[in-house]
Each structure stands twice: as structure tokens, then as C-alpha cells.
Amino acid sequence: MALSRGGFAAMHNRAGEVLVVGGGVVGLACGLALLESGRGVRILEAGTVGCGSSHGNCGTLTPSHSLPLAAPGTVGRALRWMLAPDAPLYLKPRFDPALWSWLLRFAARCNPRDWMRAGAAKAALLQASRAAFPGWLARHGIDCEFEELGTDHVFRDGAALELFTHELQALAELGIASEVIDGSAYLRDEPALRDGVVGVVRFPSDASLRPDRYVAGLAQALRAAGGEIVERSAVTGLVADDGGWRVATAAGEHRGRDVVLATGAWSPRLARLLPEALSPLRRAMQPGKGYSITYDRPAIAPRRPLVLHERSVCVTTWGSGYRLGSTMEFSGYDDALNPRRLAALERGAREYLHEGVGPVKHEQWYGWRPMTVDDLPILGAVPGSPGLWLATGHGMLGVSMSTGTARMIADLVTGRAPEIDPAPYRLERFA
């Protein structure tokens, strides 16, 4: 959509304002950090706040997930699983040149050197975010059932546990601590699990929260700090204008000195409408579909968030509920709720837990995660477009990385030196 050069009487405009496109967890956190830095902020959200992948994930804050999906052997497993629609990692067979091009770039990074290099960058952002969470939530009065109990990876197969110890060595090199617990000892303290657990790996620095409440708290804090959220305002155009940017949306035009694009899995589609400088987004990212099911809390529920390792099922228990989630499906922007993949979550949970599902089911959900070819987010300035910034591509870790991302974007926009080196996250790596 072309923006007119005249007739600005109806255009929303505040001097020095930052327009943040995307009202998910990353966009809201960036907006709040910018407000803390003294900038005016307006969030432009295509739907409603938190309606995307922020809503239904399992809410774990996981430095333990620092090692990228682009790991040695990942592509081979995915190809073997193509004929198993309920596999943890699933490539839906279809003609999709964009996906296969993305997979080739992804495969090129599935080597030990790139794996550890990307892991170091992920760990830096995850650890900074994790460290910031307690103060961030307290400062803004956000009540989201935050707990610092760690996460436990549960194994029923000794060979799988032995194989995972190699990842523990790599994580230790990145500063991520872990503890291996004997299965029988663990079962004495965790009555929710069935017999047959051979071992558990605990990551004590992990934490958890309820993500929908976290997002709602971010929105409330942002408004209380003077920010504005404009919902149902899908962006249809963006042009540089007189030292700033004009953004056309379905609900009108807006102008700001800076624009932060925090549009998650929609970034490749949005890039088609926006300046050519954003074209690398179309090659760098694919939507990775995840699923979850939310219930009332079972009578016997796990004390800590669990990953049921062989089934790749995440289990999170809050005071207010219980959720099963995970899986990764590359099926484009397919909006079907696949019953086979939902059933796989419940089947996996029942295999490990006495009460794998809750007494009342409240929601079956899917969301598209913004997956980059190197499993690192895309953060920072858009080359050749002063005042245009990116905060996208967080994969499965948007909640976990939200505070670190917000701090980095606020630093970059306001001209401060970021605490974390921004170089590994720049868009230029995909040029």
C-alpha cells in the first residue's frame, strides 16, 4: 500500500515516538524497555495482544536450550521422520521451494563449529534474560506465577540418557550447569512419575512462568507507563519520511522516528510489503508449528517443569493450571489443528506420568514459531534504513529471550552500548 505524501491531519504522530510492530511477548517487552529509556511507544498489533505464539507455549525460561536446533544429525532425523506425522520433528511432504531452500541453508549449519558458535550467542542472550527476569517482573508488578525451580529432563531409555550427556558437556562449555540424578532416587521425591525412569537431568538455572499472564502483565505495565497499544492494525506499508517512518495499517497511518519490527513468524510475509532491505528475512526464516493443550491441574502433578525426553513433550504445572506442549512441524502457514500431533502429546505424557492429562481440558492450541536457519534471533538495525530495527526470529524461545532482547533493542535505539555484543544477531549474516 502506498502512503500519500500529504494530508497528515489524521495521522497519529508524537515527536520521538517509536512504533513497535507486533504485540506479542517480544514486541511488548521491547516497548516497555523503550519507555523505561524515555522514549514514547506505540504498539501496532495485527490481531489482539498476545494472540500469537506468546500465548500457548509452556512458559519455561531455559538457558538449558542454548544449543541450536541446527545440530549435527538434525536433518537426517527429520528426513527419517517425514513419514511419521506424529514425530517430534515433522516435515510435511509437499512442494515448497522456499522451505527446501531454507532447509539447505539450515543443513549447511548442522556442523560442530557452527553449532557451538550459535550456541554461544544463544547462551549469552538466554543467560542475560534469565538473570533479568526477577527484577523485571518486580519492577513492573507483573504477577505471572514465576518460579525459579529449574527444569528436569526425564529419561526412560539409558542409551538416550548417555547420548544426552554429550550435550551436557557442550552446555557446560557455555556456562550452563546441570546435574544428573539417578532414576530411582528421583522417583522417591516425585510421585507424579511412573516407574521406569532411568535418570533425570536437572538444569537448576532454568525457571518458569505462565506466559499468557506474563504477556497480559507486560501490556498492563506498558499502558501504565504511558505507552499505547493499537490492536487490529495489520501493517500494509512502510516508507521512510523526513527523518522518520510512516506506517500504513488497516486502521490508519502512524508516524514515528523509529520502527521496531517484532512480528515473529509473520516476518517473512511482512517483508514482501516492506523495503527491499528486509528481503533477507524471506530466505532466513520459516514458521515452525508448535502445539499445546491446557488443562486444570491434575491431583498428582509434577513439582517442576519436565521435558519427557524420548517423546519431546514439555510438561508445565502452575497453581492455575497444567500444560503439555512442544513438537516442531514445518508445514508452512497451515492453520489446521492436527489431532494426531495433539494426541501424541497426551500419549507421551501418559507414558511417563500417573496423571498425564488434567481433569478438565480448556484449550487445544497451535502457534507458529519464527525459526531462522541458524536458530538465532535477528536483532538490530536494518542496513541502509536508519531508524528501522528488527526484533524477531526467536524460534521456541521468545519468552525466554524477551528481557535480554528488550534491553538490547532499547540500547541500540537510544544509542547506548549494549551489554551483549549485538554482532551475532544482525540481519547482515543472511545477506
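By the 6.0 Å and 45° rule, R283 does not stack over the aromatic ring of F430.
The aromatic rings of Y333 and W266 sit parallel, their planes meeting at an angle under 30°, below the 60° perpendicular limit. A perpendicular orientation is assigned to the rings of W136 and H140, their planes being inclined by more than 60° (bins at 30° and 60°).
Counting non-hydrogen atoms of neighbouring residues, nucleotides and ligands closer than 6.0 angstrom, the CG atom of N111 exceeds 12 such neighbours. Counting non-hydrogen atoms of other residues, nucleotides and ligands closer than 6.0 Å to CD of Q127 gives a total above 12. Other residues, nucleotides and ligands place more than 12 heavy atoms under 6.0 Å from the CZ atom of R194.
Y214 has its ring centre less than 6.0 Å from the ring centre of F133.
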Practice problem: Give the C-alpha distance, both sets of side-chain angles, the deciding distance and a yes or no for side chain to side chain donor-acceptor pair (under 3.5 Å) between S205 and R130. | Solution: CA-CA 8 Å; S205 64; R130 172 65 184 87; over 6 Å; no
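Scored by the ring pair (Phe, Tyr, Trp, His ring centres under 6.0 Å) test, Y366 finds W368 as partners (sequence neighbours excluded).
A salt bridge does not link R340 to E329: none of the charged nitrogens lies less than 4.0 Å from a carboxylate oxygen.
T151 and T60 share no donor-acceptor pair across their side chains, judged by distance under 3.5 Å alone.
Here the closest heavy-atom approach between residue L376 and residue R429 is recorded as O-NH2, 2.9 Å.
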